[in-house]
*Asks:* 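One structure is given below, represented as structure tokens, and several questions about it will come after.
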Amino acid sequence: MNARHWRRARQVAQIASLFLFFLLAALTYRESQSLVPLDLYFRLDPLVAASAIIASRALITILLTSAVALALGFVLGRVWCGWLCPLGGILDIVSPHAPHPIERHTRWRGVKYVLLLTLLCAALLGNLSLLILDPITLLNRTFAGAFIPALNVVVVGLETLLYPFAPLQAPLEWIEQGVRGTLLPAQPTFYQLGWLLAATFAAVIALDWVAPRFWCRYLCPLGAVYALESKVSLLRPRATAECDRCAACVRVCPTGAIAISKTGLAVDPAECVVCLDCVAACPKSAITFGFSRSNETKASFNLSRRHFVESAVFGVAAVALFRSAPAARRDDSFLVRPPGARENDFLSKCVRCGECVKVCPTGGLQPSLFEAGLEGLWTPVLVPRLGYCDYSCNACGQICPTEAIPRLALADKRTKIIGVAYIDQNRCIPWASYRPCIVCQEMCPLPDKAVKLDEVDVIAPDGRQVHLQRPRVQHDLCIGCGICEYQCPLVGPAAIRVYVPMQFPPLLGEASS
């Protein structure tokens, strides 16, 4: 194929990869089926794999497939960044198609390496906070927490607007049945940090107008992994004798990897994403790609011992500060984790990918902000007022790519205590208002009912004698699923709320026995 055909092939590969990423993301909803793993992109992410394995001190076999992508980098360089990365594909689509200005701040390229080394140093101490910067986790969180809820609002709004027109009712019903539960969740979901996720993603896109592929050049820690490999990779561009140094390739290179030297072209292999734009732009077809390292190279940034030391200091200091914050001393009262996660060294395994948030059928799992301190930023937390932990669902554990949420069988998941419910008698309708309400007891999914009803005859403030059924939580039965809190009819905070599981000190004589 000629240069233009290769360039077109890259564009097709980017579109196909982008389509596959979003298709798998949409199919992640509960009970969806796929011929390929729904978490394929996480399994191919060497940064996620290395960080999770280092932080958890455990071999996560499902992530070992990332070794394929890692090996590919030693041969083809940053071909992942230029051909397969879904975020890179989006950036190429939205990038302004104009001659690229001369780069004035090449030293900024070192930021991504410092971020990578800091992330790995923090992982050695069991911290994965910086994985929020991994492009796959960033894009997946944005899709689940911002794009899908916003799309759902638009779809429902259009259906509401058009449904009164009789000829459109049948097509709209067909669309609703086909889309709901596949491309959209079965029930509308609402996320408390959707605006922040959207703003973060918008900032990544906006930076592309400052410099093409700004994210890839300066910030992406996964790009830094492939950039380090590209320094010794075999595939790279080279100029033939026909090159007259017209600089056409320099003007179109989206990452500024090419420079004109006295002897011809100098290419920084760590920055070349194998996009082939330079090949297509060369008026004399003087640029080719080959498996050779004989062409002139010029690194725009070199790691030094100082950068390793600085990164180690940043990583250790960040973890030390995170773990000296109040959140590390005592959990937030409402920091309810998914089933089995709390006792599974959760923060050392969770990569903030958002898969569990996306797959939760009730929308109860939410990305956290400061509930767990900065160390737990964007890790999942159950917010029962928005959605409960479905008694018949164990999807979050099945989809978690790092097993931070253990893969529990449904019978085992139903026995995991994630919280305990307590009744606020000052708000509970039968207690505070002397009116009947047994919603929490009716909704409790446990066979033996953790919420009991006590029959009482009381005198209301207006002098009436009232017979009531007052709810009471039997705490040794409650698993903290939160459906009682979700269904409580009160406006605002529920009268029954789920708190983190209590850990009582042993009774006198209990420890010795």
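Here, residue 1 is the first one in the sequence, and each next residue gets the next number. This structure is a prediction, so every number in the text was calculated from the model and none was measured. The figures here come from the full heavy-atom set of this structure, side chains too, leaving out hydrogens, waters and symmetry mates.
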*Asks:* Report yes if the side chains of Tyr191 and Pro367 come closer than 4.5 Å at any heavy-atom pair, otherwise no.
*Replies:*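 Tyr191 reaches Pro367 side chain to side chain.
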*Asks:* Between Ile60 and Ala52, what is the shortest heavy-atom contact and its length?
*Replies:*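 The pair with the smallest heavy-atom distance is CD1-CB, 3.8 Å.
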*Asks:* Give me each pair satisfying ring-ring contact (aromatic ring centres under 6.0 Å, His included) with a member in residues 326-369, each pair once, sequence neighbours excluded.
*Replies:*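 Qualifying pairs: Phe334-Tyr499.
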*Asks:* Can you list the steps and then say if Leu84 with Val79 is a side chain to side chain contact (heavy atoms under 4.5 Å, CB included)?
*Replies:* CA-CA 7 Å; Leu84 298 175; Val79 71; 5.8 Å; no
*Asks:* Any sub-3.5 Å donor-acceptor pair from Arg217's side-chain atoms to Trp108's backbone N or O?
*Replies:*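 Pair absent, no side-chain N/O of Arg217 close to backbone of Trp108.
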*Asks:* Contact between Phe42 and Ile136 at the side-chain level, heavy atoms closer than 4.5 Å - yes or no?
*Replies:*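 Phe42 vs Ile136: side chains touch.
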*Asks:* Do the rings of Trp80 and Tyr226 sit parallel, tilted or perpendicular, given the 30° and 60° boundaries?
*Replies:*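 If you compare the ring of Trp80 with that of Tyr226, the planes turn out parallel.
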*Asks:* Nearest 0.5 Å please: distance from the CD1 atom of Ile483 over to the CD1 atom of Ile496.
*Replies:*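 If we round to the nearest 0.5 Å, Ile483:CD1 and Ile496:CD1 are 11.5 Å apart.
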*Asks:* Does Val357 form a side chain to side chain contact (heavy atoms under 4.5 Å, CB included) with Trp378? I'd like the steps, not just the answer.
*Replies:* CA-CA 10 Å; Val357 171; Trp378 278 339; over 6 Å; no
*Asks:* So, do Phe201 and Arg141 sit near enough that their side-chain heavy atoms are less than 4.5 Å apart?
*Replies:*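 Side chain of Phe201 against side chain of Arg141, heavy atoms only: no contact under 4.5 Å found.
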*Asks:* To the nearest 0.5 Å, how far apart are OG in Ser66 and CG in Leu47?
*Replies:*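 It comes to 10.0 Å.
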*Asks:* Mind jotting down which residue pairs meet the side-chain hydrogen bond (donor to acceptor under 3.5 Å, both in side chains) criterion with at least one end in residues 398-415? Sequence neighbours excluded, please.
*Replies:*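 Found none.
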*Asks:* Given side chains that start at C-beta, do those of Val274 and Leu235 come closer than 4.5 Å, heavy atoms only?
*Replies:*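 Sidechains of Leu235 and Val274: in contact.
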*Asks:* With side-chain hydrogen bond (donor to acceptor under 3.5 Å, both in side chains) as the rule and sequence neighbours excluded, what pairs involving residues 360-370 come up?
*Replies:*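 Checked against side-chain hydrogen bond (donor to acceptor under 3.5 Å, both in side chains) - neighbours excluded - the pairs reaching residues 360-370 are Ser368-Thr379.
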*Asks:* Might you point out which heavy atoms bring Pro86 and Leu139 nearest each other, and give the distance in Å?
*Replies:*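 Of all heavy-atom pairs spanning Pro86 and Leu139, the closest is CB-CD2, 3.6 Å.
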*Asks:* For Leu138 and Ile132: C-alpha separation, side-chain torsions, deciding distance, then whether side chain to side chain contact (heavy atoms under 4.5 Å, CB included) applies.
*Replies:* CA-CA 6 Å; Leu138 187 153; Ile132 62 174; over 6 Å; no
*Asks:* May I ask you to test the Cys389-Ile418 pair for a side-chain heavy-atom distance under 4.5 Å?
*Replies:*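 Sidechains of Ile418 and Cys389: in contact.
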*Asks:* Look at Lys112 together with Glu271 and state whether they make a salt bridge at an N to O cut-off of under 4.0 Å.
*Replies:*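 Looking at Lys112 and Glu271, the cut-off is met.
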*Asks:* Give, for atom CG of Leu44 and atom CG of Leu63, the distance between the pair rounded to the nearest 0.5 Å.
*Replies:*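 Going from CG on Leu44 over to CG on Leu63, the span is 10.0 Å.
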*Asks:* Test your reading of the model: is there a side-chain donor-acceptor pair from Asn127 to the backbone of Ala122, 3.5 Å cut-off?
*Replies:*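 Not at all, since once roles are kept as given, no pair shorter than 3.5 Å links the two residues.
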*Asks:* Out of curiosity, Ser348 OG to Ile54 CD1, how far, rounded to the nearest 0.5 Å?
*Replies:*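 Reported value, rounded in 0.5 Å steps: 12.0 Å.
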*Asks:* Kindly indicate whether the side chain of Leu207, heavy atoms from C-beta on, has any atom under 4.5 Å from the side chain of Trp215.
*Replies:*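 Side-chain contact under 4.5 Å: no.
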*Asks:* Checking Thr137 side chain against Leu133 main chain: does a donor-acceptor pair fall under 3.5 Å?
*Replies:*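 No; zero donor-acceptor contacts below 3.5 Å.
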*Asks:* Determine yes or no for a side-chain-to-main-chain donor-acceptor pair under 3.5 angstrom, with Glu485 supplying the side chain and Val498 the backbone.
*Replies:*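 It does hold such a pair.
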*Asks:* On a heavy-atom basis, which atom in Cys350 and which in Leu128 lie closest, and how many Å separate them?
*Replies:*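 Closest approach of Cys350 to Leu128: O-CD1, 3.4 Å.
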*Asks:* Mind checking the CG-CZ spacing from Asn140 to Arg352? Nearest 0.5 Å is all I need.
*Replies:*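 The CG atom of Asn140 sits 14.5 Å away from the CZ atom of Arg352.
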*Asks:* Under 3.5 Å, is there a donor-acceptor pair between the side chain of Arg427 and the main chain of Pro493?
*Replies:*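 Yes.
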*Asks:* Under the criterion side chain to side chain contact (heavy atoms under 4.5 Å, CB included), I'd like the reasoning laid out for Val204 against Ile90: C-alpha separation, chi angles, the key distance, then a yes or no.
*Replies:* CA-CA 10 Å; Val204 171; Ile90 293 176; over 6 Å; no
*Asks:* Check Asn394, Leu38, Ile405 against Ile399 for a side chain to side chain contact (heavy atoms under 4.5 Å, CB included) and give me the one that passes.
*Replies:*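 Answer after filtering Asn394, Leu38, Ile405: Leu38.
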*Asks:* Under a 3.5 Å distance rule, please check whether Asp332 uses its side chain to pair with a backbone N or O of Glu371 as donor and acceptor.
*Replies:*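 Looks like no, no N/O pair under 3.5 Å.
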*Asks:* Would you call Arg10-Asp277 a salt bridge at under 4.0 Å N-O?
*Replies:*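 Salt bridge: yes.
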*Asks:* If I take atom CG from residue Leu477 and atom CD1 from residue Ile417, how far apart are they, to the nearest 0.5 angstrom?
*Replies:*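 Those atoms lie 9.5 Å apart.
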*Asks:* According to the ring-ring contact (aromatic ring centres under 6.0 Å, His included) rule, which pairs have a member within residues 383-416, sequence neighbours left out?
*Replies:*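 ring-ring contact (aromatic ring centres under 6.0 Å, His included) check on residues 383-416 returns Tyr388-Tyr486.
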*Asks:* Which heavy atom in Leu59 sits nearest to a heavy atom in Ile53, and how many Å separate them?
*Replies:*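 Looks like CD1-CD1, 4.4 Å.
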*Asks:* Of the non-hydrogen atoms in Leu91 and Asp208, which two are nearest, and what is the gap between them?
*Replies:*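 That would be O-OD2, 3.0 Å.
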*Asks:* So do Pro339 and Cys396 actually touch side chain to side chain, heavy atoms under 4.5 Å?
*Replies:*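 Result yes, sub-4.5 Å side-chain heavy-atom pair found.
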*Asks:* If you look at every heavy atom in Ser233 and Val75, which pair is closest and at what distance?
*Replies:*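 Looks like CB-O, 4.1 Å.
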*Asks:* Are Leu18 and Ile93 side-chain neighbours, meaning at least one heavy-atom pair lies under 4.5 Å?
*Replies:*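 Heavy-atom side-chain distance check passes, below 4.5 Å.
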*Asks:* Enumerate the side-chain hydrogen bond (donor to acceptor under 3.5 Å, both in side chains) contacts for residues 39-59, please, sequence neighbours excluded, ordered by first and then second residue.
*Replies:*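 side-chain hydrogen bond (donor to acceptor under 3.5 Å, both in side chains) check on residues 39-59 returns Ser17-Tyr41, Asp39-Arg43.
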*Asks:* Would a distance-only check, ignoring hydrogens and angles, find a side-chain to backbone donor-acceptor pair under 3.5 Å from Glu229 to Arg78?
*Replies:*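 Flag not set: sc Glu229 to bb Arg78 has no pair under 3.5 Å.
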*Asks:* Which residues pass the side chain to side chain contact (heavy atoms under 4.5 Å, CB included) test with Ala270, sequence neighbours left out?
*Replies:*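 Ala270: side chain to side chain contact (heavy atoms under 4.5 Å, CB included) contacts with Tyr113, Ala227, Lys231, Asp268.
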